Amino acid sequence: MNFILINIKELLQVRENQTQVVKGKELQHLPTLKNAWLKVEDGIISDYGAMDTFENHANFKIIDCTGKIVLPTWVDSHTHLVYAGNRESEFVDRIKGLTYAEIAAKGGGIINSAEKLQQTSEADLYQQSKIRLQEVIAMGTGAIEIKSGYGLTAEAEMKMLRVAKRLQKEFDLPIKTTFLGAHALPKSFNGNTSAYIDEVIDEMLPKIVEEDLADFIDIFCEKNYFEIEDTQRKIDAGKKYNLPAKVHVNQFTSFGGLQLCAENNVLSVDHLEVLTEEDIQHLKASSTLPVALPSCSFYLEIPYTPARKLIENNLPIVLASDYNPGSTPSGNMNFVVSLACIKMKMTPEEAINAATINAAFAMQVENKVGSITKGKLANLIITEPIHSYAFLPYSFGCNHIEEVYIKGQPQIHKA
Ligand SMILES: N=CN[C@@H](CCC(=O)O)C(=O)O
Ligand SMILES: [Zn+2]
């Protein structure tokens, strides 16, 4: 469908070509065009401008956007969207005050999800995951990273990644896949993390590479999960197959994992709810992208990533949902942006930059999405008539999205 949006109240994230992430003071600048038009041809952004430059085009559907804001769809660079069942059974434990670690010690947590996954066929896993993907697209997500990590065996990890790859094939939005594997230690390894990392690197990774199932690798670098040495081994194994690393680190403790990742210039370090001055200095000496996951902090009631510290140190910041059944049972990027403002004290401009253009760099799709740029995919959010774009994170309890386009195709089919 070729169309032109006209009378757009404000077109956000207009960048001719952005070759670097947005960091420090630059994050406060959100480039916009008021009273604008936007032209979409064959699913691609082909042109845009101010209304006083608009000329009608035959064979293009004209869509009036009076009073409405148009922005690129959210980019969610950290999710565990493929999983079996859910963990609502742990919800009451959490309400009663059990910590993430205490729930895991009771047999809940990642191992709980792993047991559910073992019992779920690939076809059923696909159907469950497809519904979640449709839901997050309707909430404005237009590119998404999906991790394995609930399989914990070669066969089950590959089952997860095959489902993610099938979603990539059957949907039009950019999907990147990450082999997590080292997410939790299966009971059968009796506490021997080194032996499990052998299995992850020597047995699982070659099979996953052979089937081209992963774009990135990941590991949960955390006390009582995987240590510094395990993390270095996983990163090195990823380098061998040219798979950049996106690492879960500094969620509950800072014990040298972030330093290791920064020294390896991994693509991203994700969580960072705990961040020391030393960690900040290591980040500043690297090209590694810091990724914050505020809806995980909200759900687990753990600290929020200190965004102002990162920004004051002239660092970039990325926002993602961490959508998973245990620590963030939500893929709503609008809520993530609201939490970034309300709890992390990011301005709307900083939060929108972190959830669009910077997030695109964090999953290496910056040439496809993340900004209004000629030649990028027409993955767009159209709001209902609202006063300003700040209304989006401010009015956090309502959905203000009227339409979502993926490759120029409308996605919200109103009843
Ligand atoms: N912390 C590690 N992994 C996920 C949680 C996984 C789960 O609890 O199912 C996270 O990013 O929060
Ligand atoms: Zn995660």
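All figures in this text were calculated on a predicted structure; none of them were measured in a lab. Atoms within each ligand, like the ligands themselves, are counted from 1 in listed order.
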Q. Hey, does the Lys NZ or Arg CZ of K223 hover above the aromatic six-ring of F252, less than 6.0 Å from the centre and inside 45° of the axis?
A. no

Q. Within 45° of the six-membered ring axis of F179 and under 6.0 Å from that ring's centre, is NZ or CZ of K234 located there?
A. yes

Against heavy atoms of [X], which atoms of ligand 1 measure under 4.0 Å?
{"X": "H78", "value": "11 (O)"}
{"X": "H271", "value": "1 (N), 10 (C), 11 (O), 12 (O)"}
{"X": "R87", "value": "7 (C), 8 (O), 9 (O)"}

Q. Closest approach of L11 and I8, non-hydrogen atoms and distance?
A.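 So the two residues come closest at N-CG2, 3.9 Å.
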
Q) Only one of K345, K23, K25, R308 forms a salt bridge (Lys or Arg N to Asp or Glu O under 4.0 Å) with E350, so which one is it? A) R308

Measure up the [X] and [Y] rings against each other and bin them: parallel (under 30°), tilted (30 to 60°), perpendicular (over 60°).
{"X": "H271", "Y": "F220", "answer": "tilted"}
{"X": "Y100", "Y": "Y225", "answer": "tilted"}
{"X": "H80", "Y": "H183", "answer": "parallel"}

If you have a sec, work out which protein heavy atom is nearest [atom] and how many Å separate them, to one decimal?
{"atom": "atom 1 (N) of ligand 1", "value": "Q251 OE1, 2.7 Å"}
{"atom": "atom 3 (N) of ligand 1", "value": "H183 NE2, 2.7 Å"}
{"atom": "atom 12 (O) of ligand 1", "value": "S327 OG, 2.6 Å"}

Q) More than 12 heavy atoms of other residues, nucleotides or ligands under 6.0 Å from NZ of K407: is that the case? A) no

(Q) Considering the Zn ion (ligand 2), could you give the total of protein N/O/S atoms lying closer than 2.8 Å? (A)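 N, O or S atoms of the protein closer than 2.8 Å: 4.
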
Q) Hey, are R162 and E211 close enough for a salt bridge, meaning a charged N less than 4.0 Å from a carboxylate O? A) yes

Q. Is K147 salt-bridged to E145, going by a charged N under 4.0 Å from an acidic O?
A.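 Looking at E145 together with K147, the answer is yes, because their closest N to O distance falls below 4.0 Å.
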
Q. Quick one: does D322 get an N or O within less than 3.5 Å of an N or O on ligand 1?
A.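 Yes - when backbone and side-chain N and O of D322 are compared with those of ligand 1, one distance drops under 3.5 Å.
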
(Q) Just to be sure I'm reading this right: ignoring hydrogens, which of Y150, F220, Y299, Y100 gets closest to atom 9 (O) of ligand 1? Compare them by their nearest heavy atoms. (A)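 When every heavy atom of Y150, F220, Y299, Y100 is considered, Y150 comes closest to atom 9 (O) of ligand 1.
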
